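This report refers to the structure that appears directly beneath it.
Here is the naming used below: chain letters follow the sequence lines, and residue numbers restart at 1 for every chain. Predicted, not measured: the structure shown is a model, and the values here were computed from it.
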Number of protein chains: 2
Amino acid sequence: MKPEDETNEVYRFFTEVGIINQLISTKLETFLPGRMTATQFGILGHLVRRPDGETPLQLSNAFQVPKTSMTHMLASLENHALITLETNPNDKRSKIARSTPQGTEFLRVCTEQMSEALYPLLSELGSDPFHSSLPNLMLIREALDQERD
Amino acid sequence: MKPEDETNEVYRFFTEVGIINQLISTKLETFLPGRMTATQFGILGHLVRRPDGETPLQLSNAFQVPKTSMTHMLASLENHALITLETNPNDKRSKIARSTPQGTEFLRVCTEQMSEALYPLLSELGSDPFHSSLPNLMLIREALDQERD
DNA sequence: TTAATTTAGTTCGATATCGTACTATCGGAG
DNA sequence: CTCCGATAGTACGATATCGAACTAAATTAA
């Protein structure tokens, strides 16, 4: 394949990623209350899986959003009583975000609704397209992540 | 594999897609002037490849963003003189967006810069991860797209 | 032909995002 | 201990996003 076509393929890859992200975020956001975004929901899921909590900075690295956006998202989740934000005893500059029981329950309910909504898609496609592309996506994500400095 | 693990894999797929989208958009946006977004840049690219132009509605379908967001994005591109917006002679409710020569040139320059910025990534990974996952991404995108109604 | 329905796009208002500049705290060098 | 550069998070302001309600044009029905 010509190098030019390879470059084109990379662009198409990123375009498809953008559209899939758009489609799935929109779909998810119809289940979420008010203006809660897919990213905010992702953060909640991340915290539910980590009972010791994480600092805002760790979260902004994990989701690759600016710290200033993270401040806003965490404040919003805290307003909904889905997480708590305490000062980090080891470093008073820092904080620790943790999921509340309501947060965990909220995640469970939304995830269930989302699974139902995705059921037709999974029956149609099967799990293979997801299964076989996941390792490549992880590879690309890690390389992009590494490069950023 | 258990059905439960399959579901988990699907979620990880969407998470990876979200993070890759975030990383690549941020990277691209550092090359773009002012507050121009990756989506707006994508729209310009779409129009450059279609000399006859497209209507705002076609564009909002292609990129899966609400019409009201498209209005804003097109207005912004028009302000930068990168596109023109004329009323559609076949349907006076409608409009046609077309790239201007400046738009085409602007796209060329930014694409070139982006290609240079992506060069290290491509050398490291090779084109295979992109090449082999693209068909699956297209499959998933088309299914999601179909479903939306 | 007129009236009702549908469709394309915009206006408006609420909220999300994020860059810049700031404050508070930490941790190392002397 | 004291200074100073680095680091965590926030305030603020500009702009992007997008749902709801609207206007105008096209299409369908009667």
Side-chain angles (χ1 to χ4, degrees), chain A residues 18-19 21-23 25-44 53-80 83-97 148-149, chain B residues 18-19 21-23 25-44 53-80 83-97 148-149:
Chain A
I19 295 175
N21 184 61
Q22 182 72 27
L23 284 160
S25 301
T26 304
K27 198 175 185 88
L28 174 57
E29 282 163 11
T30 62
F31 297 125
L32 300 182
R35 296 209 150 239
M36 185 176 201
T37 65
T39 306
Q40 290 176 21
F41 186 74
I43 291 164
L44 180 60
E54 292 218 328
T55 69
L57 195 59
Q58 288 176 313
L59 291 168
S60 58
N61 285 328
F63 288 87
Q64 290 302 309
V65 299
K67 314 186 279 181
T68 188
S69 307
M70 191 51 62
T71 297
H72 181 265
M73 292 173 187
L74 292 177
S76 171
L77 288 170
E78 192 187 24
N79 280 338
H80 290 265
I83 66 164
T84 57
L85 266 178
E86 303 160 28
T87 45
N88 185 339
N90 301 14
D91 182 345
K92 282 181 194 136
R93 288 171 303 180
S94 177
K95 297 193 172 177
I96 307 250
R148 172 194 58 92
D149 44 30
Chain B
I19 295 176
N21 185 59
Q22 182 72 29
L23 284 161
S25 300
T26 304
K27 198 175 183 87
L28 174 57
E29 282 163 12
T30 63
F31 297 125
L32 300 181
R35 296 210 150 237
M36 184 175 205
T37 66
T39 307
Q40 289 177 20
F41 187 73
I43 291 163
L44 180 60
E54 292 218 328
T55 69
L57 195 60
Q58 288 176 313
L59 290 169
S60 57
N61 285 329
F63 288 87
Q64 289 303 307
V65 298
K67 324 186 267 181
T68 189
S69 307
M70 191 51 63
T71 297
H72 180 265
M73 293 174 187
L74 292 177
S76 170
L77 288 170
E78 193 187 24
N79 280 339
H80 291 265
I83 66 164
T84 58
L85 268 176
E86 302 161 27
T87 46
N88 185 340
N90 300 24
D91 182 345
K92 280 178 197 139
R93 288 170 305 180
S94 176
K95 297 194 170 174
I96 308 249
R148 174 193 56 91
D149 43 30

5'-most contact on DNA chain C: Gln22(B) or Asp91(A), nearest heavy atom basis?
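Upstream on the strand: Gln22(B).
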What is the distance, rounded to the nearest whole Å, between atom [atom1] of [X] and atom [atom2] of [N]?
X        : N       : atom1 : atom2 : result
Asn90(A) : dG9(D)  : CG    : P     : 13 Å
Glu54(A) : dG9(D)  : CD    : C1'   : 16 Å
Leu59(A) : dC18(C) : CG    : C1'   : 17 Å
Leu32(A) : dA16(C) : CG    : C1'   : 14 Å
Arg93(A) : dA6(D)  : CZ    : P     : 13 Å
Met36(B) : dA14(D) : CE    : C1'   : 18 Å
Glu29(A) : dG19(D) : CD    : C1'   : 12 Å
His72(A) : dA14(D) : NE2   : C1'   : 14 Å

Do side-chain atoms of [X] reach the backbone of [Y] as a donor and acceptor pair under 3.5 angstrom?
X        : Y        : value
Ser76(A) : His72(A) : no
Gln64(B) : Gln22(A) : no
Gln40(B) : Met73(B) : no

Considering every strand and a 4.0 Å limit on heavy-atom distances, what is the contact class for [X]: base, sugar-phosphate, or nothing?
X        : answer
Lys92(B) : sugar-phosphate
Met73(B) : sugar-phosphate
Thr37(A) : sugar-phosphate
Ser94(B) : sugar-phosphate

Comparing Gln58(A) and Thr68(B) on DNA chain D - which has the more 5′ nearest nucleotide:
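Nearest-nucleotide comparison on DNA chain D picks Gln58(A).
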Nearest listed nucleotide, side chain of [X], among [options]:
X        : options                   : result
Thr55(B) : dA16(C), dG19(D), dG9(C)  : dG9(C)
Lys95(A) : dT10(D), dT11(C), dC18(D) : dT10(D)
Arg35(B) : dC18(C), dA26(D), dC26(C) : dC18(C)

Of Leu57(A), Ile43(A), Thr39(A), Thr55(A), the residue whose pairing with Met70(A) passes side-chain contact (heavy atoms from CB on, under 4.5 Å)
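Checked Leu57(A), Ile43(A), Thr39(A), Thr55(A) against Met70(A); only one passes side-chain contact (heavy atoms from CB on, under 4.5 Å): Ile43(A).
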Within less than 4.0 Å of OP1 or OP2 of [N], is there a side-chain N or O belonging to [X]?
X        : N       : value
Ser69(B) : dC18(D) : yes
Thr71(A) : dG9(D)  : no
Lys67(A) : dG19(C) : no
Gln40(B) : dT17(D) : yes

With a 4.5 Å limit on heavy-atom distance, are the side chains of Leu44(B) and Ile83(B) in contact?
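The answer is yes; the side chains approach within 4.5 Å.
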Are Leu77(A) and Met36(A) close enough that some pair of their side-chain heavy atoms sits under 4.5 Å apart?
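SC-SC contact between Leu77(A) and Met36(A) confirmed.
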